[in-house]
Protein chains: 2
Amino acid sequence: MTWQRAAVLRVLGGCQDFVSAQELHALLEAAGRGVGLTTVYRALRALAATGRVDVVRDDAGERLYRRRVADGHRHYLMCRCCGRSQPVAAEVVEEWAERVGRDAGFAAVQHTVELTGICALCVPNADEGEPPCRSGPARHGEHRTHSN
Amino acid sequence: MTWQRAAVLRVLGGCQDFVSAQELHALLEAAGRGVGLTTVYRALRALAATGRVDVVRDDAGERLYRRRVADGHRHYLMCRCCGRSQPVAAEVVEEWAERVGRDAGFAAVQHTVELTGICALCVPNADEGEPPCRSGPARHGEHRTHSN
DNA sequence: GATGGACATGGAAGTCGTTTTCAATTAGCC
DNA sequence: GGCTAATTGAAAACGACTTCCATGTCCATC
Ligand SMILES: [Mn+2]
Ligand SMILES: [Mn+2]
Ligand SMILES: [Zn+2]
Ligand SMILES: [Zn+2]
């Protein structure tokens, strides 16, 4: 465990919502702790492999990461407008996935379940024209530039 | 509707499983009907927008397309080894998604649900080491090169 | 049959998240 | 301190996908 990986995990813990690798890299730069982008990707991949972070893909296919609060597998409901996210109870889906896979004679069944919508705070703004997930007004006003 | 789009739709109908845009392009070339890769992408996007094809993303983020047999929204169970896919009943998940979104005060809730596993025909081969979805032995033996 | 405009095509070039490369640095151990 | 294996990170490569734009095709109108 190097100081770079520790920094990645700490900054990730400071975000309560999903962030991209590049956003995380920018946050680390802003915090003074410059960490190479390559290292950020490597750290995130390792953290995802060990289950310490959850990963989703936005509409553009970009991977977004969020620190897993408690142990165990979770699914989330995320606002397409501001990025706010919250874990949801998904036992129903877990059982459904297992049953469907077993009935079809499949082994090692895996599932991907992602919920998105427009949160109560974003509905009035009604900016939901196109924003392919988080490219629109982000964090309730602060447009996330996402330059490169 | 041009002959290019018709060809895309027809070849897509000949595949009973999910195929990528590039695979479809190669199939069209092999069938003598050369269609530009750009046109294939455009046709698939249009077909997806009008609901005539379903779209999933594999582990690598690549989009895979499959002609929708009947009207209405569907979810699929796909073999990570050979690509074989079959629609599954998902009313349970539809209701769950709607309820969870409503309870959280979200509007315009959308969901992504994808099931993958190793099908009965692929289990003996047990080639499930790493193949990040269809990059391994595909179509039961015929390695899909997927060169570029 | 000619004409013009709206739309589709497709090769080439660009975009962009992510991975690979590889020389330099660092962590951990004797 | 010295040694070795792992980690770092800037630069380059990768690859799916999109955008550009010159050319082609359809079709209503004259
Ligand atoms: Mn689950
Ligand atoms: Mn559904
Ligand atoms: Zn919101
Ligand atoms: Zn199979």
Side-chain angles (χ1 to χ4, degrees), chain A residues 1-12 18-29 31-50 53 55-66 83 130-135 138 144-148, chain B residues 1-11 18-29 31-50 53 55-66 83 130-136 138 144-148:
Chain A
M1 176 63 65
T2 62
W3 67 263
Q4 287 96 333
R5 300 206 177 200
V8 166
L9 198 52
R10 181 165 36 75
V11 171
L12 199 54
F18 284 89
V19 291
S20 71
Q22 314 225 21
E23 286 171 333
L24 207 52
H25 177 247
L27 286 173
L28 285 160
E29 293 279 322
R33 303 280 221 290
V35 175
L37 181 57
T38 310
T39 302
V40 174
Y41 275 110
R42 274 191 286 241
L44 288 173
R45 185 155 43 150
L47 290 169
T50 60
V53 302
V55 188
V56 299
R57 305 189 80 123
D58 65 14
D59 296 342
E62 189 175 11
R63 272 188 271 259
L64 305 178
Y65 305 85
R66 171 175 163 150
E130 288 303 317
C133 200
R134 291 153 65 78
S135 63
R144 49 175 65 191
T145 51
H146 206 274
S147 56
N148 192 351
Chain B
M1 176 64 65
T2 62
W3 68 263
Q4 286 96 336
R5 302 207 176 198
V8 167
L9 198 51
R10 181 165 36 76
V11 172
F18 284 89
V19 291
S20 70
Q22 315 227 19
E23 285 171 334
L24 208 51
H25 177 246
L27 287 173
L28 285 161
E29 293 279 324
R33 306 281 220 290
V35 176
L37 181 58
T38 310
T39 302
V40 174
Y41 274 111
R42 273 191 287 240
L44 288 173
R45 184 155 44 150
L47 290 170
T50 60
V53 302
V55 188
V56 300
R57 307 192 81 132
D58 66 14
D59 296 345
E62 189 175 12
R63 271 187 271 259
L64 306 178
Y65 305 84
R66 171 177 162 149
E130 289 301 319
C133 198
R134 293 150 65 75
S135 63
R144 50 174 67 190
T145 50
H146 206 274
S147 56
N148 192 353

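Scope of the values below: all heavy atoms of this structure, side chains included, with no hydrogens, waters or symmetry mates. Protein chains get the first letters and strands the later ones, always in sequence-line order, with residue 1 at the start of each.
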For this session: Taking Watson-Crick and G-U wobble pairs with both distances under 3.5 Å, convert DNA chain C into its dot-bracket string, 5' to 3', dots for unpaired and | for cross-strand pairs.
Result: ||||||||||||||||||||||||||||||
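Here CZ of B:R57 is found 6.5 Å from CZ of A:R57. Values are rounded to the nearest 0.5 Å. In this structure, CG in A:L44 is found 10.0 Å from CZ in A:R63, a value given to the nearest 0.5 Å. Note that CD of A:E23 is 7.0 Å distant from CG of A:L64, once rounded to the nearest 0.5 Å. For the atom pair CZ of B:R45 and OG1 of B:T50, the computed distance is 13.0 Å after rounding to the nearest 0.5 Å. The distance from the CG atom of A:L27 to the CG atom of A:L12 is 9.5 Å, given to the nearest 0.5 Å.
The CG-C1' distance, from B:L37 to D:dT19, rounds to 13 Å in whole Å. The separation between B:E23 atom CD and D:dA16 atom C1' is 13 Å, rounded to whole Å. Whole-Å rounding puts the A:E29 CD to D:dG9 C1' distance at 12 Å. As a whole-Å value, the separation of A:H25 NE2 from D:dG9 C1' is 9 Å. The separation between B:Y65 atom OH and D:dC17 atom C1' is 9 Å, rounded to whole Å. The CG atom of A:D58 sits 14 Å away from the C1' atom of C:dT18 (whole-angstrom rounding). Rounded to whole Å, the distance from CZ on A:R57 to P on C:dT18 is 7 Å. In this entry the distance linking CG of A:L44 with P of C:dT18 reads 9 Å, nearest Å.
Taking side-chain N and O atoms only, B:R45 has no distance below 4.0 Å to OP1 or OP2 of C:dA8. Taking only side-chain nitrogens and oxygens, B:R63 comes nearer than 4.0 Å to OP1 or OP2 of D:dT18.
Listed candidates were D:dG9, D:dC17, C:dT9. Nearest to the side chain of A:V35 is D:dG9.
Here the options are B:V53, B:V8, B:L24, the test is side-chain contact (heavy atoms from CB on, under 4.5 Å), and the partner is B:Y65; only B:V53 passes.
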Seminar exercise, completed: Heavy-atom contacts, protein to nucleotides 21-30 of chain C, under 4.0 Å, summarised as B (base), S (sugar-phosphate only) or - (none) per nt, yield ----------
List, one per line, each side-chain donor-acceptor pair under 3.5 Å for residues 32-42 of chain B, sequence neighbours excluded.
none

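In this view, A:A46 and A:R5 satisfy the side-chain contact (heavy atoms from CB on, under 4.5 Å) rule, not counting sequence neighbours. For B:R66, the side-chain contact (heavy atoms from CB on, under 4.5 Å) test picks out B:D17, B:F18, B:Y76, B:S85, B:P87, with sequence neighbours left out.
Each of A:V40 and B:Y41 lies near DNA chain D, and the nucleotide nearest A:V40 is the one positioned closer to the 5' end.
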